[in-house]
*Asks:* 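So that we are looking at the same thing, I have put the structure below in structure tokens.
Quick caveat: nothing in here was measured; it's all calculated off a predicted structure. Along the sequence shown, residues carry numbers from 1. Any value given below was found using the heavy atoms of this structure, including those in side chains, with hydrogens, waters and symmetry copies removed.
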Amino acid sequence: MKPFKTALLILFSSPLVWIGAAGALVGFSTFWLLWSGHLNPVAHLADALGIGFSLNAFVIPGIIVTGICFFICGIILGIVRL
């Protein structure tokens with residue numbers, strides 16, 4: 001059995017883990033900023049350009065789901081490497 005520190009290093013060394021975590025964090029924070037009204041000028045611009053619905057309904061949730069999937073795949077690859 002490998003030492004705990006080495007096992008954690010192997011588990012979280014996959015770039016997919018960090019890309020997924022960053023993507024999910026960006027998606028969640030963007031969604032929260034839009035929801036709370038901090039990005040109202042951007043939301044009004046997206047509505048004026050006709051992309052407001054697709055931005056809120058498809059793009060941001062897609063980023064969140066993709067980030068979570070990357071994170072899970074990175075963890076699984078880390079487990080396989082152990």
Side-chain angles (χ1 to χ4, degrees):
M1 181 104 178
K2 297 181 182 200
F4 184 69
K5 184 177 179 182
T6 306
L8 281 179
L9 183 64
I10 291 172
L11 188 63
F12 292 108
S13 65
S14 174
L16 284 175
V17 171
W18 299 106
I19 291 169
L25 181 67
V26 166
F28 278 121
S29 62
T30 304
F31 186 74
W32 178 78
L33 287 171
L34 280 169
W35 186 262
S36 66
H38 288 90
L39 293 178
N40 272 343
V42 176
H44 291 303
L45 178 64
D47 285 338
L49 294 174
I51 59 172
F53 177 74
S54 64
L55 181 71
N56 287 333
F58 299 111
V59 175
I60 294 174
I63 292 171
I64 293 170
V65 169
T66 304
I68 291 170
C69 290
F70 278 170
F71 183 80
I72 291 170
C73 288
I75 293 291
I76 290 171
L77 287 174
I79 290 170
V80 168
R81 285 180 59 196
L82 280 176

*Asks:* Pairs in or reaching into residues 9-23: which pass side chain to side chain donor-acceptor pair (under 3.5 Å), with residues at least two apart or in two chains?
*Replies:*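 For residues 9-23, and leaving out neighbouring residues, the side chain to side chain donor-acceptor pair (under 3.5 Å) pairs sorted by first residue read Ser13-Arg81.
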*Asks:* What's the shortest heavy-atom distance between Ile75 and Val17, and which atoms?
*Replies:*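 Between these two residues, the closest heavy atoms are N-CG2, 3.6 Å.
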*Asks:* Treat each ILVMFWY residue as a node, draw an edge where side-chain heavy atoms are under 4.5 Å apart, and state whether Leu8 and Ile79 are in one component.
*Replies:*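 They do share one cluster, since a chain of ILVMFWY contacts under 4.5 Å joins Leu8 to Ile79.
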*Asks:* Following the transitive rule for hydrophobic clusters with a side-chain heavy-atom cut-off under 4.5 Å over Ile, Leu, Val, Met, Phe, Trp and Tyr, establish whether Leu39 and Ile51 coincide in one cluster.
*Replies:*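 Different clusters: Leu39 never reaches Ile51 through Ile, Leu, Val, Met, Phe, Trp or Tyr contacts under 4.5 Å.
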*Asks:* If you look only at distance, which donor and acceptor atoms sit under 3.5 Å apart when one is on a side chain in residues 23-32 and the other is two or more places apart or in another chain?
*Replies:*
residue, atom, partner, partner atom, Å
Ser29, OG, Leu25, O, 2.9
Ser29, OG, Val26, O, 3.1
Thr30, OG1, Val26, O, 2.7

*Asks:* Looking at Phe70 and Gly20, what are the two nearest heavy atoms and their distance?
*Replies:*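 Of all heavy-atom pairs spanning Phe70 and Gly20, the closest is CB-CA, 3.6 Å.
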*Asks:* Drop me the distance from Asn40's CG to Asp47's CG, to the nearest 0.5 angstrom.
*Replies:*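 Atom-to-atom, Asn40:CG and Asp47:CG are 10.0 Å apart.
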*Asks:* If you measure from CD1 on Ile72 to CG on Leu77, what distance do you get to the nearest 0.5 Å?
*Replies:*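 With rounding to 0.5 Å, CD1 (Ile72) is 12.0 Å from CG (Leu77).
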*Asks:* Between CG of Leu11 and CD1 of Ile76, what distance do you get to the nearest 0.5 Å?
*Replies:*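 Here the rounded value is 11.0 Å.
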*Asks:* Determine the minimum heavy-atom distance between Cys73 and Leu16, stating which atoms define it.
*Replies:*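 For Cys73 versus Leu16, the nearest heavy atoms are CB-CD1, 4.2 Å.
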*Asks:* Could you see if Val59 belongs to whatever hydrophobic cluster contains Val42? Use Ile, Leu, Val, Met, Phe, Trp, Tyr and a side-chain cutoff under 4.5 Å.
*Replies:*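 Same cluster: Val59 reaches Val42 through Ile, Leu, Val, Met, Phe, Trp or Tyr contacts under 4.5 Å.
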